[in-house]
Amino acid sequence: MILPLFVAVPLTAAALAVIAPWRWLRSLLFVVVPFLGIPAGVWLFTQGTIGHNVGLYPGGVSIAFAADQFTALFVITTSVVALTANWFAFVSGEITARFYPALTLMLIAGVNGALLTADLFNLFVFIEVMLLPSYGLMAMTGTRSRLAAGRTFVLSNLFASTLLLIGAGLVYAVSGTVNYAALAGAADHGPLVVAMGVVVIALAVKAGVVPLHTWLPRTYPATSSAVMGLFSGLHTKVAVFVLYRLYVVVFDADERWSWFIIAVMCVSMLIGGFAGLGERTIRRVLAYQMVNGMPFILVMLAFGTEAALAAGILYALHHMITVGSLVLTTGAIEETYGTGTLSKLYGLARRDPIASTVWAAGAFSVVGFPPFSGMWGKVGIVFAAAEPGNMRSWLVISVVIVASIGALLSMLRVWRKVFWGKPMGRYSASLGVTWAKLLPGLSLMVVSVGMFFAAGPLIDAISTASHALFDVPSYVSAVFGTTDPIGVVNASV
């Protein structure tokens, strides 16, 4: 019965932040709520697979929440990213906006609800709870271009949300339920496959998968660095989480879809890896690294084993931490020098060696160099792809290598433009990135290094999460109290 509190607490905190006249209270709620999400996620990890039907109504009728170790890892990591993004917003002064704390807390509530919900309609509801404050955050922070970008963001996500609602309606029309547990293993039914396909397309839009990706690099960089850091670790990763859950629970990790998944994800890797070479600002380059990261995670669905999805989970956690660090470090540079345009910055490696080192560490992690989490992420992807030893393996590994080279070239281009060369003479010698603004990004990079050196316990935890994801009978039991899916989805449909 504690599961609904993951939504109720941040929502209550958001309401208090709206009505509270004291800035100190709003600031306290702003930081404490995502901080509490970390130990709460750790507690969730220790509980195994659990569920709760709100109001104690029967399963399949009530609002159902369910969680396992897979859920817990995402709750912990999203809380870490949200905490550091809010920390950066605090030191950069964005928290002075009256409703900024309330909007971010509402966003966190939506994310937690989407991770914990056990049915498609409530997934739609919680994604809307995520999106509504996101529209406000887009409009109130960032550059002048944020209004045009906000229009693109709103239209793209409204389209995806409408498609998700239509898909949920179609699923209900052909099966009589939208509950994950009731739909377990039911995707062999032809009409249900089509209906679930609409849901998957909607989630692919939200995940920024090619060719549905163009909204992301055109909207995220237009907002502030704190908001972009928040979005980078929360929005797209919720879509990835749900795709993993549905593919295992509903589609039963069916390999019939493997070549289609590989084809889409390989194209996404190549476009995401090389498209950043044409961008003119640091954060637009990083936005394409976000696009590049999604297919690395989702391509593991094509292999459909516990080991493969464990590799995808590891890469997802690494990507959330590393890209968050890069965005917040870039934000510290933008706050200091007033721009993130590549042509207007140079020589920061000499002028700001600490900030430059943190940014370079993030770039190394994205590419997959040690001693950062990206190395184990890339190694895990390659090893899992190599396991079958067939043409799928050769194709995925080859594209992973080529796309990683593209990411390396994009990062090298930023380094050459921004950090190489003589220090900029038009700024006083005393001007530089302050520790206060640098620490949020630095702390995430410390986490990335910790993930590298603590690879043993981390991989054990991720393997446990992957096993829990594949333990569909336990998930069904947590929702319904039985290992058999109940509802109208059965052999007679």
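Heavy-atom basis, side chains included; hydrogens, waters and symmetry copies ignored.
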Visitor: Considering non-hydrogen atoms only, spot the tightest contact between A64 and D119 and give its length.
Guide: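 A64 and D119 have their closest heavy atoms at N-OD2, 4.1 Å.
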
Visitor: For the atom pair CG (L234) and OG (S79), what is the distance rounded to the nearest 0.5 Å?
Guide: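 One gets 8.5 Å once the value is rounded to the nearest 0.5 Å.
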
Visitor: Does W394 have more than 12 heavy atoms from other residues, nucleotides or ligands lying within 6.0 Å of its CH2?
Guide: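 Counting other residues, nucleotides and ligands, CH2 of W394 stays at 12 neighbours or fewer.
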
Visitor: Do L123 and Y180 come close enough that some side-chain heavy atom pair is under 4.5 Å?
Guide: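 When only atoms from C-beta onward are counted, Y180 and L123 do touch, with a gap below 4.5 Å.
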
Visitor: Above 12 or not: heavy atoms from other molecules or residues under 6.0 Å from CG of L270?
Guide: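 Enclosed: over 12 neighbouring heavy atoms sit under 6.0 Å from CG of L270.
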
Visitor: Keeping the roles fixed (side chain from R98, backbone from V18), state whether a donor-acceptor pair exists under 3.5 Å.
Guide: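 Yes: the side chain of R98 pairs with the backbone of V18.
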
Visitor: Side-chain contact test, heavy atoms from C-beta onward, threshold under 4.5 Å: evaluate it for L158 versus Y135 and give yes or no.
Guide: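 Yes; the side chains approach each other to less than 4.5 Å.
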
Visitor: Give a yes-or-no answer on whether the side chains of S463 and E306 include a donor-acceptor pair shorter than 3.5 Å.
Guide: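 On atom types as modelled, these side chains do not qualify, holding no pair under 3.5 Å.
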
Visitor: Could you check if a side-chain atom of L29 sits within less than 4.5 angstrom of a side-chain atom of P101, using non-hydrogen atoms only?
Guide: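 They are not in side-chain contact.
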
Visitor: Under 3.5 Å, side chain of T84 to main-chain N/O of V80, donor-acceptor pair present?
Guide: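 Yes; at least one donor-acceptor contact below 3.5 Å.
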
Visitor: More than 12 non-hydrogen atoms from neighbouring residues, nucleotides or ligands closer than 6.0 Å to OH on Y172, yes or no?
Guide: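 12 or below, so no.
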
Visitor: Does Q47 CD have over 12 foreign heavy atoms under 6.0 Å away?
Guide: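 For Q47, atom CD is crowded (more than 12 foreign heavy atoms under 6.0 Å).
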
Visitor: Write down the atom of R283, the atom of Y220, and the distance for their closest heavy-atom approach.
Guide: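 What the structure gives for the nearest pair is NH1-O, 3.7 Å.
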
Visitor: Can a donor-acceptor pair be found, under 3.5 Å and without considering hydrogens, that links the side chain of N157 to the backbone of F153?
Guide: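 Yes: the side chain of N157 pairs with the backbone of F153.
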
Visitor: Decide yes or no on ring pair (Phe, Tyr, Trp, His ring centres under 6.0 Å) for F470 and Y475, but give the supporting numbers first.
Guide: CA-CA 9 Å; F470 274 84; Y475 188 82; over 10 Å; no

Visitor: Would you compute the distance between atom CG of L212 and atom OG of S268 and round it to the nearest 0.5 angstrom?
Guide: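 One finds 8.5 Å between CG of L212 and OG of S268.
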
Visitor: Mind checking side chain to side chain contact (heavy atoms under 4.5 Å, CB included) for L155 and listing every partner two or more places apart, or none if nothing turns up?
Guide: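 Result, side chain to side chain contact (heavy atoms under 4.5 Å, CB included) vs L155: R151.
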
Visitor: Can you tell if the side chain of V171 reaches within under 4.5 Å of the side chain of L192, non-hydrogen atoms only?
Guide: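 When only atoms from C-beta onward are counted, L192 and V171 do touch, with a gap below 4.5 Å.
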
Visitor: For F74 and Y244, I'd like to know if the aromatic rings sit close, meaning centre-to-centre distance below 6.0 Å.
Guide: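 Ring-ring flag for F74/Y244: false, centres at least 6.0 Å apart.
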
Visitor: Output, in order, the C-alpha distance, side-chain angles, deciding distance and verdict of side-chain contact (heavy atoms from CB on, under 4.5 Å) for W215 and V205.
Guide: CA-CA 9 Å; W215 65 271; V205 175; 4.1 Å; yes

Visitor: Please check this pair: side chain of R26 against backbone of A20, looking for a donor-acceptor N/O pair closer than 3.5 Å.
Guide: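 Judged by distance alone, yes, a pair lies under 3.5 Å.
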
Visitor: Check whether the side chains of D68 and T71 place a donor and an acceptor atom closer than 3.5 Å, and report yes or no.
Guide: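 Yes, a side-chain donor-acceptor pair sits under 3.5 Å.
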
Visitor: Can you name the closest pair of heavy atoms from L3 and A67 and give their distance?
Guide: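 What the structure gives for the nearest pair is CD2-CB, 4.1 Å.
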
Visitor: Where do A118 and V479 come nearest, in terms of heavy atoms and distance?
Guide: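 Closest heavy-atom pair between A118 and V479: CB-CG2, 4.2 Å.
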
Visitor: side-chain contact (heavy atoms from CB on, under 4.5 Å) with I297: which of T236, I313, V240?
Guide: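 Only one option passes, and that is V240.
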
Visitor: Is it the case that K206 and S161 place a side-chain donor and acceptor less than 3.5 Å from each other?
Guide: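 Yes, a side-chain donor-acceptor pair sits under 3.5 Å.
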
Visitor: Measure the CG-CD1 distance between L309 and I462 for me, rounded to the nearest 0.5 Å.
Guide: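 Rounded to the nearest 0.5 Å, the CG-CD1 separation comes out at 12.0 Å.
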
Visitor: For the CE atom of M294 and the CD atom of Q289, what is their distance to the nearest 0.5 Å?
Guide: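 So the CE of M294 and the CD of Q289 are separated by 11.0 Å.
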
Visitor: Would you check if I261 and Y247 make a side-chain contact, meaning some heavy-atom pair closer than 4.5 Å?
Guide: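 In contact.
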
Visitor: Under 3.5 Å, side chain of N179 to main-chain N/O of A181, donor-acceptor pair present?
Guide: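 Yes.
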
Visitor: So, taking the atom named CD in Q69 and the one named CG in D471, what distance separates them when rounded to the nearest 0.5 Å?
Guide: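 Here the interatomic distance stands at 9.5 Å.
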
Visitor: Do Y100 and F30 have ring centres separated by under 6.0 Å?
Guide: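 Yes - the distance between ring centres of Y100 and F30 falls below the 6.0 Å cut-off.
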
Visitor: So F231 and L107, side-chain contact (heavy atoms from CB on, under 4.5 Å) or not? Walk me through it.
Guide: CA-CA 9 Å; F231 287 1; L107 172 58; 4.0 Å; yes

Visitor: Specify the closest pair of heavy atoms between F296 and I381, including all atoms of both residues, with the distance to one decimal.
Guide: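 Closest approach of F296 to I381, heavy atoms only: O-CD1, 3.2 Å.
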
Visitor: Within the structure provided, determine whether L230 and T104 are in side-chain contact (heavy-atom separation under 4.5 Å).
Guide: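 Sidechains of T104 and L230: in contact.
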
Visitor: Strictly under 6.0 Å, is that where the ring centroids of F70 and F241 end up?
Guide: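 F70 vs F241: aromatic centres under 6.0 Å.
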
Visitor: Would you say the side chain of T322 lies within less than 4.5 Å of the side chain of S325, judging by non-hydrogen atoms?
Guide: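 Side-chain contact under 4.5 Å: no.
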
Visitor: With side-chain contact (heavy atoms from CB on, under 4.5 Å) as the criterion, how do I2 and I50 come out once you've worked through the C-alpha distance, each side chain's angles and the decisive distance to 0.1 Å?
Guide: CA-CA 10 Å; I2 293 177; I50 58 176; over 6 Å; no

Visitor: Which atoms form the tightest heavy-atom contact between A302 and R392, and what is the distance?
Guide: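 Shortest heavy-atom contact: O-NH1, 3.0 Å.
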
Visitor: Please answer whether the main-chain N or O of P473 pairs with a side-chain N or O of S477 as donor and acceptor at a distance below 3.5 Å.
Guide: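 Checking the backbone N and O of P473 against the side chain of S477, no donor-acceptor pair under 3.5 Å is found.
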
Visitor: When you compare the side chains of E94 and S224, does any donor N or O come within less than 3.5 Å of an acceptor on the partner?
Guide: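 Result is yes, a qualifying pair exists.
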
Visitor: Output yes when a side-chain donor or acceptor of W257 lies under 3.5 Å from a complementary backbone atom of F251, and no otherwise.
Guide: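 No, W257 side chain to F251 backbone: no donor-acceptor pair under 3.5 Å.
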
Visitor: Are M445 and F372 side-chain neighbours, meaning at least one heavy-atom pair lies under 4.5 Å?
Guide: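 A side-chain contact under 4.5 Å exists here.
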
Visitor: Identify, with sequence neighbours excluded, every residue that meets ring-ring contact (aromatic ring centres under 6.0 Å, His included) alongside F88.
Guide: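 So F88 forms no ring-ring contact (aromatic ring centres under 6.0 Å, His included) with any residue.
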
Visitor: Out of curiosity, W87 CH2 to S443 OG, how far, rounded to the nearest 0.5 Å?
Guide: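 Between atom CH2 of W87 and atom OG of S443 there are 4.5 Å.
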
Visitor: Do T78 side-chain atoms and V75 backbone N/O form a donor-acceptor pair below 3.5 Å?
Guide: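 Yes, the answer is positive, given that a donor and an acceptor are paired below the 3.5 Å cut-off.
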
Visitor: Ignoring hydrogens and geometry, is there a side-chain-to-backbone donor-acceptor pair from N390 to S393 under 3.5 Å?
Guide: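 Answer holds: yes.
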
Visitor: Tell me which one of H319, K378, H318 satisfies side chain to side chain donor-acceptor pair (under 3.5 Å) with S373.
Guide: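 Result for side chain to side chain donor-acceptor pair (under 3.5 Å) with S373: H318.
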
Visitor: Check the side chains of T49 and S474 for a donor-acceptor pair under 3.5 angstrom, ignoring hydrogens and angles.
Guide: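 There is no such pair between these side chains.
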
Visitor: Please work out whether the ring planes of W376 and F452 are parallel, tilted or perpendicular, with thresholds of 30° and 60°.
Guide: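 W376 vs F452 ring planes: parallel.
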
Visitor: Given the rule in the side-chain contact (heavy atoms from CB on, under 4.5 Å) test, do H213 and L216 qualify, once you have shown the distances and angles that lead to the verdict?
Guide: CA-CA 6 Å; H213 69 290; L216 192 154; 5.6 Å; no

